[in-house]
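For reference, the structure is listed below as structure tokens.
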2 protein chains.
Amino acid sequence: MKTGDLLIKQGDTIKDFIYLKEGLVKLYRKSEQGQTQIISFGKPYDFVSLLSVFSDEKYNYSVSALEDSVACLFDLNEIKALIKSNGEFALHLIQTQNRASDRIIMNSLDLLQKRLYGRVANVLLYFSDEVYKSDEFELPISRKEMAQFIGMSIENVIRAISAFRKDKIIQVYGKDLSILDKKRLKQMNDFS
Amino acid sequence: MKTGDLLIKQGDTIKDFIYLKEGLVKLYRKSEQGQTQIISFGKPYDFVSLLSVFSDEKYNYSVSALEDSVACLFDLNEIKALIKSNGEFALHLIQTQNRASDRIIMNSLDLLQKRLYGRVANVLLYFSDEVYKSDEFELPISRKEMAQFIGMSIENVIRAISAFRKDKIIQVYGKDLSILDKKRLKQMNDFS
DNA sequence: AACTACTTATGATAATTATCAGAGAGTGAT
DNA sequence: ATCACTCTCTGATAATTATCATAAGTAGTT
């Protein structure tokens, strides 16, 4: 699956249980007000079809690739049969699902309490610590996508990144981003 | 369990699987920044020990009663044994859990995109439509708690409610609240 | 009643964010 | 190369929200 490809389309009937083997994807939805909103990102070994996969008939979100990715699809009915027949598997699945949705919930609650700088810092630290495990990486999302994720305007996301750049907290060359002063970035994340 | 009583305390070891039979509770946590934040509300037939119950050792949130409530506790190990032995039960539990965490996720994402008036309208409509199923009810939370839920300052929550009152969208006598103009309240909820 | 503590309420001001406008850089298509 | 389009970026201004201050109301306690 190439960058930009659509893996799941909002409204599609759920037929498969999907997990990500390689790459990076974004989960997003069209909100009631018609705006596109990014729900979360999926990295290797994350279950992409987490939300609503067992609770609904149709996907209420879309998934597309931010990088070239490899996804594994399992027939949903087979997974359901496996849950019924294999108790260990069922329990393990519940735990995995719980962990993932907890993380999404806690993260969006975190964002709700933060202001612009804190939210942007939060996203940068997420990619640095959780996804790439490095202080230098290629930012996989545009300013617009970051805005759609943190619930701020594009202009202000750009301004925040510019401010971090001017304060020598980060360095930006095109898509390449390096975190120069992680301590201060974490402070931005902690204090509002 | 009386109003104000603590059912779950953040940091407690998870021993039980809890569901709410009667009443109303709030799920809340102390965020990293030390502020109290309400995660969601639990109404009858909701699983209160939804978050982190299978994914963690300890509760990462607290639960207390907003109204006199009745909770059912099941030993967590027995539930786990039941999951392992009864496939139908496991599948049903997964679906229920999924539905509940989906709702919390989608709701906090909704809030993230709304502004003050939209967020307050959202909460009022939640209690009217989901909890009490009536346009007249006793508001079970204080302005402070509403602020902790929607991520705005107390003063502005009060101001929003005052504005709704002045616009004859709602009527307030002490804790009693009645929605006079649901159409406009829904408009406030829809458009930012 | 008097006291304390807390909630609700309002105003004034500062801080933050959105919106509008415009410009330059990059990208893809023809 | 030119055109159309999107993305990044900055400035100016308007709108929104937070914070500080203050006061009235409410409830509980002594």
Side-chain angles (χ1 to χ4, degrees), chain A residues 2-5 26 31 33-38 64 66 111-124 138-167 169-177 188-189 191-192, chain B residues 2-4 26 31 33-38 64 66 111-124 138-167 170-177 188-189 191-192:
Chain A
K2 289 246 157 215
T3 302
D5 285 355
K26 64 171 175 178
S31 70
Q33 293 94 341
Q35 342 174 37
T36 300
Q37 182 176 33
I38 293 181
S64 73
L66 293 171
L111 289 180
L112 200 63
Q113 285 206 327
K114 285 182 204 291
R115 293 206 292 257
L116 175 63
Y117 284 26
R119 293 187 190 184
V120 172
N122 185 276
V123 178
L124 297 180
E138 205 170 288
L139 194 66
I141 56 172
S142 67
R143 310 290 189 264
K144 188 179 181 180
E145 286 169 317
M146 196 179 294
Q148 289 169 343
F149 181 51
I150 68 175
M152 294 271 168
S153 69
I154 301 172
E155 293 95 325
N156 280 329
V157 168
I158 290 171
R159 268 185 262 265
I161 291 176
S162 293
F164 288 171
R165 197 159 33 75
K166 279 171 193 156
D167 277 358
I169 296 174
I170 60 172
Q171 202 169 41
V172 186
Y173 288 135
K175 290 257 164 199
D176 290 329
L177 192 143
M188 311 264 17
N189 183 37
F191 307 117
S192 178
Chain B
K2 289 248 157 212
T3 302
K26 65 171 175 179
S31 71
Q33 293 94 343
Q35 341 174 38
T36 299
Q37 182 176 35
I38 293 181
S64 73
L66 293 171
L111 289 180
L112 201 62
Q113 285 206 327
K114 287 182 203 291
R115 293 206 292 257
L116 175 62
Y117 283 27
R119 292 186 190 184
V120 172
N122 186 276
V123 177
L124 296 181
E138 206 171 287
L139 195 65
I141 56 172
S142 67
R143 311 290 189 266
K144 187 178 180 181
E145 287 169 318
M146 197 180 293
Q148 288 169 342
F149 181 52
I150 68 176
M152 294 270 167
S153 69
I154 301 172
E155 293 95 322
N156 279 329
V157 168
I158 291 172
R159 268 185 262 265
I161 290 176
S162 292
F164 288 173
R165 197 159 33 76
K166 280 171 193 155
D167 278 359
I170 61 172
Q171 202 170 39
V172 187
Y173 288 136
K175 290 256 163 199
D176 290 329
L177 193 144
M188 310 264 16
N189 183 37
F191 308 117
S192 179

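Order of the sequence lines fixes the chain letters, A, B, ..., with proteins taken first and strands second; residue numbering starts at 1 for each chain.
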Expected output: side-chain R119(B) to main-chain I150(B) donor-acceptor under 3.5 Å: yes
Between dT8(D) (C1') and R165(A) (CZ): distance, integer Å: 10 Å
From S31(A) atom OG to Q113(B) atom CD, the distance as rounded to the nearest 0.5 Å: 4.0 Å
F164(B) CZ - dA9(C) P separation (whole Å): 14 Å
Check: dT19(D) base within 3.5 Å donor-acceptor of R159(B) side chain: yes
Whole angstrom value for the distance that separates C1' of dT17(C) from CD1 of I158(A): 14 Å
Heavy-atom closest pair, residues K26(A) and E145(A): NZ-OE2, 2.7 Å
Integer-rounded Å distance: dG11(D) P and E155(A) CD: 14 Å
Distance in angstrom units between K175(B) NZ and dC6(C) P, rounded: 15 Å
Sugar-phosphate only, base, or nothing, as touched by S153(A) at under 4.0 Å among non-hydrogen atoms: base
Rounded distance (Å) that lies between atom P of dT7(C) and atom CG of L139(B): 14 Å
Whole-Å distance separating the CD1 atom of I154(A) from the C1' atom of dT6(D): 10 Å
Phosphate OP1/OP2 of dT8(D): any S162(A) side-chain N/O under 4.0 Å: no
Pair R159(B)-S162(B), side-chain hydrogen bond (donor to acceptor under 3.5 Å, both in side chains): steps then yes or no: CA-CA 5 Å; R159(B) 268 185 262 265; S162(B) 292; over 6 Å; no
side-chain N/O R115(B) vs dT16(D) OP1/OP2, d < 4.0 Å: yes
Length of the line joining I141(A):CD1 and dT8(D):C1', which is rounded to integer Å: 14 Å
dA18(C) phosphate, OP1 or OP2, under 4.0 Å from N156(A) side-chain N/O: yes
